[in-house]
Amino acid sequence: MTAHRNRDVSQRIASVQSPIIPVVGAWIRSNPGTLSLGQGMVFYPPPDAALAAIRDFGLQPEPHLYGLAFGHAPLLASIRDKLRLENGINLAAGYGVMVTAGSNMAFLNSLLAITDPGDEIILPLPYYFNQEMAVRMLNCTPVGVATDYCYQLDISRLRAAITEKTRAIVTISPNNPSGAVYPEVALRAVNDLCREFGLYHINDEAYEYFTYGEAKHFSPASLPSAKTHTISLYSLSKAYGFASWRIGYMAFPEALTPSLLKIQDTNLICPPLISQVAATGALEAGSDYCKNHLAALAKKREQVIALLQPLKGRCEIPEPEGAFYLLLKINTEKNDLKLAKMLIDDFKVAVIPGSAFGLTEGCYLRISYGMLDRSQIDTALERLVTGIIRFVG
């Protein structure tokens, strides 16, 4: 009789990296007093309009029933208006819209709709770790492609990475984890490349409002030639302080509608209605709600860059144009995961190691400055700088 292999654990899931945020979170809980420059969240709560919208939620029986798979009609109407007015996307040209439980679900839904096992998904480095994890969970292959020294896209490298198995190229702008903002010309080039080779262009725009200086956000789905192959992902978590409410949405080619309906109905049935009603209120407050906080975030960004200057020579210190991250490259051959653990254990400051984002050659740390106040940033950066100097020598 043929021996059966151990079925206790899926080998497919075992091949996926462990989620780094819960790992670092456990280290933080073991070290009370640790200041976190780790998880990416903002310092402000949802707008009052979001909470006001749900004040009387649940008093009637209807809110307790299953809702529509693609989303609550008033929220979908607000999203369509926003995509048209802010992103320049002509939905009537052939795009559908779906509300999801966060933009991570929108990404996973996209992969389920367009891939088969063995397909390849191109992820510019550094990638967002949850997206790489999702690719592997579906028995697809993530193909990391290097960016330049400023973490900007290299179109020639992306072209060279395309094979017969390639199904999509993913871009994130403004970028997590680097804070880079891809210019319109680069995103146009990626979109054209995908059209040329019959690929999908999945563009993650979760940080669309978080740009500084001269940097401008661009939505490639606004291009007239993009409608058949461009999937755009959005989130309320950052812009509206909505992290725990789990509301994202996606704009997609209408041809994917039947597949996405199967996926949504199986995985979620419908997004939680109370979160969707709150999100409708948030969108009524509008993007100015987020943009009014950008001046404070810009000051924090300048503060972090200034406080890192003692590390010059030991580290490469970029000046990111977007999001609320800074990706520090440390001039050492030592392990970044060990460094991150040491910084928590010995110096009570938390950051995320770059290896979680696919940066396996060299020592990188992602700093997230969105959640702490300026006094906490002073303390956290003093601890971080002292710890890195001790580690590197």
Side-chain angles (χ1 to χ4, degrees), residues 2-23 69 96 98 100-147 157-172 176-177 190 193-194 197-204 206 228-233 235 246 248 250 252-253 255-269 337 353-361:
T2 303
H4 292 286
R5 115 182 146 177
N6 188 331
R7 289 287 187 179
D8 291 342
V9 178
S10 162
Q11 295 304 302
R12 172 173 47 83
I13 297 301
S15 71
V16 177
Q17 66 166 304
S18 296
I20 191 64
I21 296 298
V23 171
M98 170 183 275
T100 56
S103 61
N104 275 1
M105 173 170 274
F107 183 77
L108 185 58
N109 284 1
S110 300
L111 293 186
L112 284 165
I114 69 172
T115 66
D116 291 306
D119 284 344
E120 297 176 349
I121 304 295
I122 292 176
L123 304 175
L125 295 171
Y127 51 60
Y128 172 41
F129 50 78
N130 280 139
Q131 292 181 348
E132 186 265 353
M133 292 165 68
V135 172
R136 290 193 186 277
M137 283 182 182
L138 298 188
N139 265 348
C140 294
T141 301
V143 179
V145 175
T147 50
R157 285 175 174 166
L158 292 174
R159 178 181 288 273
I162 295 171
T163 72
E164 292 182 354
K165 295 182 179 180
T166 305
R167 199 72 178 111
I169 299 175
V170 179
T171 50
I172 308 172
N176 176 15
V190 173
L193 193 63
C194 290
F197 283 90
L199 312 178
Y200 284 97
H201 181 188
I202 303 175
N203 191 56
D204 186 332
T228 60
H229 65 282
T230 306
I231 300 171
S232 306
L233 312 179
S235 171
R246 306 313 305 137
M250 58 190 295
F252 56 88
L256 295 178
T257 299
S259 297
L260 287 168
L261 178 59
K262 295 176 187 178
I263 294 159
Q264 184 91 322
D265 189 68
T266 300
N267 257 350
L268 188 63
I269 298 180
L337 190 63
S355 52
F357 304 98
L359 299 174
T360 56
E361 296 182 7

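The first residue in the sequence is number 1, and the count goes up from there.
With a 4.5 Å cut-off on side-chain heavy atoms, I231 and P253 count as touching. For the pair P353 and I20, the minimum side-chain heavy-atom distance is below 4.5 Å. Using a 4.5 Å cut-off on side-chain heavy atoms (C-beta onward), V9 and I13 make no contact. Using a 4.5 Å heavy-atom cutoff, the side chains of F107 and D204 are not in contact. Side-chain atoms of C140 and L111, non-hydrogen and from C-beta on, never get closer than 4.5 Å to each other. With a 4.5 Å cut-off on side-chain heavy atoms, Q17 and E132 count as touching. Residues L199 and I169 are in side-chain contact: their nearest non-hydrogen atoms beyond the backbone lie under 4.5 Å apart. Using a 4.5 Å heavy-atom threshold, the side chains of V170 and I121 count as touching.
The two residues M250 and T100 come nearest to each other via the heavy atoms SD-CG2, 4.4 Å. Closest of all the heavy-atom pairs between A106 and L233 is CB-CD2, 3.8 Å. For the residue pair A168 and I114, the shortest heavy atom distance occurs at CB-CD1, 4.0 Å. P142 approaches V135 most closely through the heavy-atom pair N-CG1, 3.5 Å. Closest of all the heavy-atom pairs between T166 and T163 is OG1-N, 2.8 Å. Closest approach of R167 and T115 over heavy atoms only: CG-CG2, 4.1 Å.
The distance from atom CZ of R136 to atom CD of Q131, rounded to the nearest 0.5 Å, is 14.0 Å. For the atom pair CG of D116 and NZ of K165, the computed distance is 12.5 Å after rounding to the nearest 0.5 Å. Atom CD1 of I202 sits about 9.0 Å away from atom CG of L123, to the nearest 0.5 Å. Atom CD1 of I122 sits about 7.5 Å away from atom CG of L193, to the nearest 0.5 Å. Rounding to the nearest 0.5 Å gives a distance of 9.0 Å between CG of L112 and CG of L260.
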**Message:** Let's go through T141 and D119 carefully: what are the C-alpha distance in whole Å and the side-chain angles of both, what is the deciding distance for side chain to side chain contact (heavy atoms under 4.5 Å, CB included) to 0.1 Å, and is it a yes or a no?
**Reply:** CA-CA 6 Å; T141 301; D119 284 344; over 6 Å; no

**Request:** Would you please test L158 and I162 for side chain to side chain contact (heavy atoms under 4.5 Å, CB included) and show each step?
**Result:** CA-CA 7 Å; L158 292 174; I162 295 171; over 6 Å; no

**Message:** Go through it in stages, so that I can follow the logic: the residues are T230 and Y200, the test is side chain to side chain contact (heavy atoms under 4.5 Å, CB included), and I'd like the CA-CA distance, side-chain angles, deciding distance and then a yes or no.
**Reply:** CA-CA 6 Å; T230 306; Y200 284 97; over 6 Å; no

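Residues T171 and N203 bring a donor and an acceptor atom of their side chains to less than 3.5 Å of each other.
Aromatic rings of F357 and F129 (six-membered ring for Trp) have centroids within the 6.0 Å cut-off, being under it.
Residue pairs meeting the side-chain hydrogen bond (donor to acceptor under 3.5 Å, both in side chains) criterion with at least one partner in residues 103-112, sequence neighbours excluded, are N104-Y128, N104-N130, N109-Q264.
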